[in-house]
Every structure is written in C-alpha cells, then in structure tokens.
Protein chains: 2
Amino acid sequence: MGHVEADADETKTGDQTKTDGPTRRTPSADTPDQDVADTESSGPRGRPASTSRHELSRLALDLFARQGYDETTVDDIASAAGIGRRTFFRYFDAKPDAVWGEFDDELVRLADRLAEAPEDEPMLDVLRRAVMATNRFGAGELDELRQRMSLIGSVPDLVAHSAVRYEAWCDVVATFAAGRLGCAPGDLEAQTVARAALGAAMAAFSSWASTGGGDLVDQVDRAFRLLATGLVESPSPR
Amino acid sequence: MGHVEADADETKTGDQTKTDGPTRRTPSADTPDQDVADTESSGPRGRPASTSRHELSRLALDLFARQGYDETTVDDIASAAGIGRRTFFRYFDAKPDAVWGEFDDELVRLADRLAEAPEDEPMLDVLRRAVMATNRFGAGELDELRQRMSLIGSVPDLVAHSAVRYEAWCDVVATFAAGRLGCAPGDLEAQTVARAALGAAMAAFSSWASTGGGDLVDQVDRAFRLLATGLVESPSPR
DNA sequence: CAATTTACTGCACTCGATGCCAGAATGAAA
DNA sequence: TTTCATTCTGGCATCGAGTGCAGTAAATTG
C-alpha cells in the first residue's frame, strides 16, 4: 500500500515535512529581501530565527566532508552553528535531511512541468525533458550538488534514507504516467514507468557524481534515451 | 568441512554480512540435513545455537504483523524468542534485517543464472527470465513473502533499509550488463540497465504485494516486457 | 510596560546498535 | 574424569538519533 495517494482530498492535516524552518517562511536570516512585505513595515511577529535551513545545511555538509558523515554527530553540527541540539531537529526531521537541500521544492517543480506538458508529446519525451529541466544548475551550485550526491551514494545511512525521498519522486512520476496511460498510479504499468524513470535518473546522477564524466544534464538525456529505446543503444542517436 | 583455508592471509577481516547465525553454518537447529558432513558424525564443536535465523525471522514477522513494526522493539522479539536482546544482534545486523529472509542467497542465485545465460540471448531476455526464475516460490512461501514485501513497501524504516539491499541487487545486474555492453559496471549504460531493471522488479513486487493482482512471476514478466519495448504497450504494433 | 507571538533549548526518556567480557554448553584430547 | 578449546549466550555500559515537555528568550504591537 502506501505509495501512491491518488485522491485529492488531503485529509491529513499534519505539517508534512519540514520545508523551511520553525514556522514556514524564512524570516530574513538568509535571504535579505524583506521588502516584499505588505505596504507597512511589519517584520515577522515573534522572535526571529537564529539561523536558516540552508545555512545549517551548508554547515553540516562542510563537517561531513571534513570528518565524515558518521563521525559527525548532530551535536557537532548544532554547536558549530551555535544552536542547541534540540533546535537542529526543528529545522530537520532527521540528520540525513541536512544533506537533501530543498528537494521538496524540486519535486513540486517536476510535478508542474509534467502537468504543463502538451498532451500529444510522447510520455518519455516529457519525462526526459522535465527531469533535465529540473536539473539545470548554475556553476556555483554544481559543486555543492556533486558533494551532496556523492555523499548520498556512498554513506550507507544516506543511501537508506534516500529511498524515502526517491519514493516521493516516484509518486509524482507515477501519477503523471497514470494520467497518460489511463490507469491508476498504483498499477503495474504506471509503477514500472515511474520506477524505471527513477532508475534512469539515478544512473545519471551516479555516473555523474562518481566519475567527473561531463555534464549532468547530458547524462540524464542519454539515460532517458536509453530507456526509450528499450535499453538498446540506438543506431542513430542525437 | 567446506573450505577451511587456514593460511592465505585473509585480508578481508570483516565477517561480511551475517548470513546464517553466530558463526556460519547452521548447526542443526533448523535444517535437519547434516549428513553432508564427513563420514563420521561430527557435530559442531562448541555450544549449540539456541535458535536460528529463520526461526527468529518468522517470530519477528509475526509480531510485526500483530502489533506493527515500529511498535515492536528488539527486546520484544528477543524475549518472545527466549533469548537476550544482545543475542538478537548476533543473528541480525539490524532490526530491519529480520524482514529480509535469505535475500543474500537469492542474490547469488540471480548472479549464477545471469552468468550461465548463453551469450546470444538478448540482454533483457536474460534479465527477465532470471528475475522470474529467482522469484518462483511455492504456495507455502508465497504468503510469507507477500507479508514481507508488504511491510518493506509500507514501513518507512524498512523502505529506507531496502535501498541498501536493492543496491546490492543492482550491483549484480550492473556487472552482468557491463559484460554484455562492453563497459564498466559503473558506466552510465550499465547503471541505467541495472537500475531500470530494478525498477521493473520493484514495480512488479509493489503491484503484486498491494493489490492481490495475480501471479508474481507474471507481473515480473509484464514489467520487463514493458522495459524492453521502451515502456510503450506493445501488444499491437503502433 | 504588558501582551502576544514565535523561536530557542535543556531535560528526561525511548530505542537501535556496539564493544566488552564473563559464563555456559558442547566435543575432543589427555 | 579432567582439562581444554571452541562456540554461543547475554548482562552491562555506552553512544547517538529522535521526541515530548516545559520553561525561557527575543521580537512586535498596543
């Protein structure tokens, strides 16, 4: 059970996954753009957050790179950030989450792109383009991304945790595929498409993160083209 | 006594993954076939194990089904089995491992089948048949398997842990694919094949475990055929 | 200043996991 | 029988992740 929640009625009130910080919007500690407020000068109401999710993430990543993931305790991260251990868990549900930047945001973007695609564009083309599009990063972010992906692929604890994230990704794709195929997201066809697509994306990431082999988006492109040709090298590719 | 192999510098110190019990061979507690020993009756040397991996697994599975995975502590399992908590961890590296029966054995069988396949049989056909073959279970085992897979797919902790197991599966397939494709197992092509195949297998399991939809082997068959046709329904050529 | 709102954090606790080590149960050699 | 080597057992202590609770700190508004 579990996987695909086909319905739309959102009965669950729970605050789902922590997306930003203690409440929801980053107060100002990270992004210096608070001019977008209402007409009047009205900062957020209560005590301002002492750090930000992104700040913590960067800090943690740094420690992981230096002394290893398992050798870095949450206490280490917290005290390095000048906050209490308990506060760390207000920003992240779990230690591994610090490695997954704003993954949830990317999920939403992916879903949007899939939904926007013209109906007559072949399913796998839509998927390929959408995944490519959601993985275009600026040169500045690329290094950090590579670091994240490398960790995620090598540290057992992170490999394990990644499954939960990837399953969410899968759900998005399965929902899209189900729409195209005219079946339920949980059906074999939609699930196969979704999980195979996930496989292609993971292969691209894996190969990109380990060997410095070229452009990430290009790897995604190649992996998905392989998928579309039944995993046989096509005679006349690009 | 198998291959004792005294000398030869044994660089691999780690006892790899616990495959059977405290040492390596099941003493006798579970499988009543010890006639394979030498001519003489020579039971194992030290104190006999008080239970077996399989016994513990069944017991744990039972508790999980009754009170839920998270609600069942290792202490619960241990005391239900009449052993100490510490002893549980002699049989299993971690709590989730109790749900994964003899997965490692299946991995070996898969690798064997892949290696035995004739060179001229198409790669995906070999994969499809091999996965199907390693998933034929007797009626007696099917219920337990369904229970396992259902847990693995629904309990977050188990979903997470599954990634580690599946990665081992992927490695086997990637090695095979690399041989067929003439590339390294870590290359994009082999990785894509391996992870897409894993996706197909997972989709089959998922769909089989959730909906009582028919035969497991048949689901595997269909998922892999979808893969081979570029994820396009192929009953009638377009 | 008081009230309100929001964030921080220490404390206590549960549970998974691990190292250490004494002890128990067995077969074999002396 | 005694002794020894071998192998499994399991209590104890310890660490780290994660959580509920309760109290505190900092900001805005009136």
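Note that these values count all heavy atoms, side chains included, but never hydrogens, waters or copies made by symmetry. So you know, we letter chains A, B, ... as the sequences are listed, proteins then strands, and number each from 1.
- Using a 4.0 Å cut-off on heavy atoms, the residues of residues 68-87 of chain B that approach DNA chain C are B/T72, B/T73, B/V74, B/R85, B/R86, listed by number.
- Two residues are said to be in side-chain contact when any heavy atoms from C-beta on lie closer than 4.5 Å; A/F176 and A/L110 fail this criterion.
- Rounded to whole angstrom, the span from the OH atom of B/Y91 across to the C1' atom of D/dT7 amounts to 11 Å.
- For B/R85, the salt bridge (Lys or Arg N to Asp or Glu O under 4.0 Å) partners two or more places apart in sequence, or in a different chain, are B/D75.
- Ring geometry, B/F88 versus B/F92: the interplanar angle falls from 30° to 60°, so the pair is classed tilted.
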B/D70/B/K95 under salt bridge (Lys or Arg N to Asp or Glu O under 4.0 Å): CA gap, chis, key distance, verdict | CA-CA 10 Å; B/D70 286 324; B/K95 184 183 172 190; 5.1 Å; no
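- In this structure, the CG atom of B/L158 is 12 Å from the P atom of C/dG16, given to the nearest Å.
- Going from atom CG of A/D157 over to atom P of C/dA17 covers 10 Å, rounded to whole Å.
- Side chains of B/S57 and B/R148: a donor-acceptor N/O pair is present below 3.5 angstrom, by distance only.
- Look at CD on A/Q67: it is 14 Å from C1' on D/dG16, rounded to the nearest Å.
- Rounded to an integer number of Å, the gap from B/F89 CZ to D/dT14 P is 19 Å.
- Residues A/L198 and A/V173 have side chains not in contact (no heavy-atom distance under 4.5 Å, counting atoms from C-beta outward).
- A salt bridge does not link A/R58 to A/E144: none of the charged nitrogens lies less than 4.0 Å from a carboxylate oxygen.
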Identify all pairs in which a protein N or O lies below 3.5 Å from an N or O of nucleotides 21-25 of chain C, and state each distance.
{"from": "C/dG23", "atom 1": "N2", "to": "B/R47", "atom 2": "NH1", "distance (Å)": "3.4"}

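- Judged by distance alone, the side chains of A/Q219 and A/S207 do bring a donor and an acceptor atom under 3.5 Å apart.
- A/D93 places its CG atom 15 Å from the P atom of D/dA17, with the value rounded to the nearest Å.
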